[in-house]
Amino acid sequence: MIKHLQELLEKAVSCLQRDGVFPKDINPVINFERTRSKEHGDFATNLALTLAKPIGKNPREIAQLIADKLIESMHVEKVEIAGPGFLNFFLTNNCRRQVVKQVLKLGNKYGNNDFGSHKKITVEFVSANPTGPLHVGHGRGAAYGASLSNILEKSGYEVQREYYVNDNGRQMDILATSVWLRYIELCGVPVAFPDNGYQGNYIVEIARFVRKKYGDKFLFTQSEVYENVPEDEKHGGDKEKHIDGLVHNAKHLLGKDNYQKVFKIALNTILSGIKADLESFNVNYDSWFSEKQLHESDTIDRAIAKLKEKNYLYEKDGAIWFMSTHFGDDLDRVVVRENGQKTYFASDIAYLLNKFERGFEGALYVFGADHHGYIARLKAAAKGMDINPEDIEIVLTQFANLVKGGKKVQMSSRSGKFVTLKELIDDVGVDAARFFYVMRSHDQHMDFDLDLAKSQTNENPVFYIQYAHARICSVYKKLEEQALQHNQEIGNASLNLLTHEKEEDLMRSISSYPEILITAARTRSPHTLANYLREVAQNYHSFYDQCHIVNITDENLRNARMNLSLATKSIIADGLSLLGASAPESMFAEDRDTK
RNA sequence: GCGCUCGUAGCUCAGUAGGAUAGAGCGACCGCCUCCUAAGCGGUAGGUCAGGGGUUCGAUUCCCUUCGAGCGCGCCA
């Protein structure tokens with residue numbers, strides 16, 4: 001439709017240029033927007049305002065000139081000039097109603113668009129270290145990344161969803177050592193658990209599993225465990241040195257093979273827990289990418305070689321540095337440490353290179369706001385390797401506070417006192433959790449109100465939207481019960497009977513679905529869709545209140561209204577599924593359980 | 001100290017690739033079930049878009065500045 005209107009305007013403008021009214025050298029960009037209120041018609045363009053300057057005429061005057069040259073269209077009822085010089089286009093009622101037919105025909109393909117023009121992109125999100133279960137802080141990234149991926153896919157991108165598993169490095173050694181220490185404890189040898197070890201209860205569970213499988217095979221005496229280990233912080237020492245000493249002894253005492261056994265059990269247990277949590281949260285990945293893979297292949301070396309080739313590396317204090325300040329970062333970054341080990345940043349560079357070597361044309365990273373310092377160095381690394389920094393995009397999600405009883409829920413991940421994602425899902429349900437995380441803009445701090453998410457009342461937007469869907473199902477059932485079989489063809493042929501104000505509002509609302517999706521995709525903002533669904537639901541409830549379907553005698557009108565209802569249902573179901581929430585057929589708990 | 005993100009109604013938040021009278025929900029107040037699910041609908045009240053400057057036909061939106069909030073500034077991962 002917008003295309004059609006643009007063509008009309010283009011013709012009018014070129015006509016005016018030919019007549020010498022407008023200068024020949026202007027090449028206007030024609031923007032059409034859906035109007036905010038219906039008094040302004042269906043679509044509006046600010047063309048005359050943007051032309052005011054180059055032409056040197058009053059915008060309203062220009063608008064009039066253009067309006068006079070517009071040729072008739074079967075879809076346009078009238079064109080008005082309003083405000084400072086907007087051209088408002090009013091569509092014919094017939095044209096507006098076609099959307100019902102179209103939605104019913106296309107089903108969940110309605111709204112598909114080509115905004116992404118088949119660009120192959122990888123969307124990486126969550127990527128939490130596998131050192132413990134996901135907590136509510138990861139939930140926002142998960143819900144956002146998954147919803148955004150769905151929206152981008154619907155908008156014509158080829159999307160690959162990826163989780164980067166940090167299965168390498170010191171933190172993982174600390175994890176394995178923590179498990180081993182708990183294991184020793186379980187065997188009856190008392191150990192003072194290190195301040196910097198992983199405290200959570202899940203570590204003990206994993207240790208129990210290790211003991212069950214291997215018995216006392218990995219047991220050593222207290223003096224062996226603590227041999228040459230510096231004092232812990234609680235005894236006036238350095239907790240970092242203390243834990244490193246323990247890690248060293250763990251590797252030495254267990255030997256490579258046995259250490260790997262403990263390591264792998266710890267990693268696999270936690271990782272499969274993370275996978276299970278995400279799956280139950282309706283978050284699905286196409287790929288779980290192992291950091292270790294970068295080390296075992298030659299990718300890191302090649303990435304470093306690439307930077308070296310261009311003279312972006314230098315040596316200082318025995319370490320190798322990347323000149324990231326040259327590309328706008330605050331500090332230069334170490335790539336290889338004095339002791340010869342590669343830094344985490346080196347893996348990042350290699351991972352970035354790897355993404356483009358795998359043929360992706362764009363890499364989208366979803367980071368928590370605490371990682372914003374990574375943007376500059378990642379873009380710097382891209383420039384250093386001749387990857388267009390425009391092709392990497394980093395989106396930050398702000399933190400979400402949990403609010404319960406009007407108070408913030410305090411959390412600290414260090415002590416292991418946090419609300420896990422699983423607990424949240426068990427508490428409020430997947431639908432509410434998924435929806436609440438994305439109903440606010442990702443770059444806005446948000447309060448996640450647990451009481452509200454749980455409430456099954458009109459205060460809860462998820463239930464409000466789901467209720468609209470359930471209502472439509474209910475009406476449909478009612479029709480069947482009363483043997484008033486719905487006939488879609490009659491409905492389509494009778495769309496001209498949909499003249500009620502509420503019917504028009506609802507049609508207006510459902511016809512903007514494709515544009516909403518494009519906006520959500522363009523601005524990387526799933527919350528745009530969440531808000532839109534609320535609006536659709538509101539228009540439906542309002543329509544439902546005033547336009548009855550079952551208990552009216554006009555068969556044509558009844559079928560037309562049912563078509564409109566089914567079109568609405570289709571959009572709500574599709575929109576909710578993009579956001580990872582379900583569209584139930586009934587809101588009554590007993591019906592939902594038997595589903 | 002430097003940097004990043006933000007500041008919109010009593011509360012939680014939309015809106016801003018410069019555009020028309022800044023919108024919802026909740027809370028408050030007033031109405032609507034002999035009628036398809038009242039988990040619903042209709043209405044009223046509520047604003048210096050944090051403050052100040054600038055850019056222009058036009059700024060809540062862009063720029064500068066002040067104030068306030070959150071986060072980040074390792075040869076950790």
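All values derive from a computational prediction rather than experimental measurement. By convention in this document, chain letters (A, B, ...) are assigned in the order of the sequence lines, proteins followed by strands, and residues within each chain are numbered from 1.
For the pair N196(A) CG and rA77(B) C1', the interatomic distance rounds to 12 Å; values are reported in whole Å. Computed from coordinates, the D173(A) CG to rC76(B) P distance equals 14 Å when rounded to whole Å. Taking atom CG of N551(A) as the reference point, atom C1' of rC35(B) lies 6 Å away to the nearest angstrom. Between H500(A) atom NE2 and rG42(B) atom C1' the separation is 12 Å, expressed in whole Å. In this structure, the CG atom of D449(A) is 14 Å from the P atom of rC26(B), given to the nearest Å. Between the NE2 atom of H295(A) and the C1' atom of rA77(B) there is a distance of 11 Å, given to the nearest Å. Distance M172(A) CE to rA77(B) C1': 11 Å, rounded to the nearest Å. For the pair K569(A) NZ and rC36(B) C1', the interatomic distance rounds to 16 Å; values are reported in whole Å.
Ring to ring, H500(A) and F543(A) are not that close: their centroids are 6.0 angstrom or more apart. When ring centroids are compared, Y437(A) and Y144(A) stay outside the 6.0 Å threshold. Aromatic ring centroids of Y365(A) and Y374(A) lie 6.0 Å or more apart.
Distances were taken from every side-chain heavy atom of Q444(A) (C-beta onward) to each of rC36(B), rC13(B), rG15(B); the shortest belongs to rC13(B). Distances from the side chain of R170(A) to the nucleotides rU12(B), rA20(B), rC76(B) place rC76(B) closest. Of the candidate nucleotides rA17(B), rA14(B), rA38(B), rA17(B) has the atom nearest to the side chain of R522(A). For D545(A), the side-chain atoms get nearest to rC41(B) when compared with the rest of rC13(B), rC41(B), rC36(B). Side-chain proximity of R440(A) to the nucleotides rG25(B), rA14(B), rA20(B) is greatest for rA14(B). Between rC4(B), rA20(B), rA14(B), one nucleotide has an atom nearer to the side chain of L396(A) than all others, and that is rC4(B). Of the candidate nucleotides rC6(B), rC36(B), rA20(B), rC6(B) has the atom nearest to the side chain of D443(A).
The cationic group of R471(A) does not satisfy the cation-pi geometry with Y540(A), failing either the under 6.0 Å distance to the six-membered ring centre or the 45° limit from the ring axis.
S542(A) comes within 4.0 angstrom of sugar-phosphate atoms only, judged by non-hydrogen atoms across all strands, and of no base. If you check every strand for non-hydrogen atoms under 4.0 Å, K316(A) touches a base. Across all strands, C473(A) comes closer than 4.0 Å to no nucleic acid atom at all (heavy-atom distances). Residue contacts for N166(A): at a heavy-atom cut-off of 4.0 Å it reaches no nucleic acid atom on any strand shown. Within 4.0 Å of H541(A), counting heavy atoms only, lie sugar-phosphate atoms of the nucleic acid but no base atom. Residue Q341(A) is out of contact with every strand shown, counting any heavy-atom pair closer than 4.0 Å. Residue D332(A) is out of contact with every strand shown, counting any heavy-atom pair closer than 4.0 Å. Within 4.0 Å of A44(A), counting heavy atoms only, lies at least one base atom of the nucleic acid. Residue-level contact check: M446(A) touches the backbone only, with heavy atoms under 4.0 Å from sugar-phosphate atoms and none from bases. S347(A) comes within contact range of no nucleotide atom at all, as no heavy-atom separation falls under 4.0 Å. When heavy atoms are screened at a 4.0 angstrom cut-off, N339(A) is found touching no nucleic acid atom at all.
Side-chain atoms of M446(A) and Q398(A), non-hydrogen and from C-beta on, never get closer than 4.5 Å to each other.
Rounded to the nearest Å, the gap between the C1' atom of rC35(B) and that of rA24(B) is 30 Å. When the C1' atom is used for both rC32(B) and rA20(B), the distance is 34 Å, rounded to whole Å. For rC11(B) and rG46(B), the C1' atoms lie 12 Å apart once the distance is rounded to whole Å.
Within 3.5 Å, no donor on the side chain of N46(A) pairs with an acceptor on the base of rA20(B), nor the reverse.
Using a 4.0 Å cut-off between charged side-chain N and carboxylate O, R524(A) and E393(A) make a salt bridge. A salt bridge is defined here as a Lys NZ or Arg NE, NH1 or NH2 lying under 4.0 Å from an Asp or Glu carboxylate O, and D329(A) with K379(A) fails to meet this definition. R170(A) has a carboxylate O that lies under 4.0 Å from a charged side-chain N of D244(A), or vice versa, which qualifies the two as a salt bridge. A salt bridge links D173(A) and K251(A); the closest N-O separation between the charged side-chain nitrogens and carboxylate oxygens is under 4.0 Å.
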Let me have RNA chain B in dot-bracket notation, would you? Count Watson-Crick plus G-U wobble pairs, both distances under 3.5 Å, and use [ ] for pairs crossing earlier ones and | for inter-strand partners. (((((((..((((.....[...)))).(((((.......))))).....(((((..]....))))))))))))....

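At rG25(B), one or more side-chain N or O atoms of Q538(A) fall inside 4.0 Å of OP1 or OP2 (strictly under the cut-off). When the side-chain nitrogen and oxygen atoms of Y464(A) are compared with OP1 and OP2 of rC41(B), one or more of them lie within a distance under 4.0 Å. OP1 and OP2 of rC76(B) both lie 4.0 Å or more from every side-chain N or O belonging to K239(A). A sub-4.0 Å separation between OP1 or OP2 of rC57(B) and a side-chain N or O of R60(A) is absent.
Anti is the glycosidic conformation of rC41(B), whose angle departs from 0 by more than 90°.
Residue whose closest nucleotide on RNA chain B sits further toward the 5' end, between K502(A) and H548(A): H548(A). Between L49(A) and D317(A), the one whose closest nucleotide on RNA chain B sits nearer the 5' end is L49(A).
For the pair T131(A) (side chain) and L175(A) (backbone), a donor-acceptor distance under 3.5 Å is absent.
In this structure, H40(A) packs face-to-face on the six-membered ring of rA20(B), meeting both the 5.5 Å centre cutoff and the 30° plane limit.
Using a 30° and 60° split on the angle between ring planes, F89(A) and F32(A) fall in the perpendicular class, above 60°.
No side-chain donor-acceptor contact under 3.5 Å links R522(A) and T528(A).
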Let me have a per-nucleotide readout for nucleotides 67-73 of chain B, 5' to 3', with B, S or -, counting only protein heavy atoms under 4.0 Å. ---SBSS

Working for side chain to side chain contact (heavy atoms under 4.5 Å, CB included), residues V336(A) and K342(A): CA-CA 4 Å; V336(A) 183; K342(A) 281 138 193 159; 4.2 Å; yes

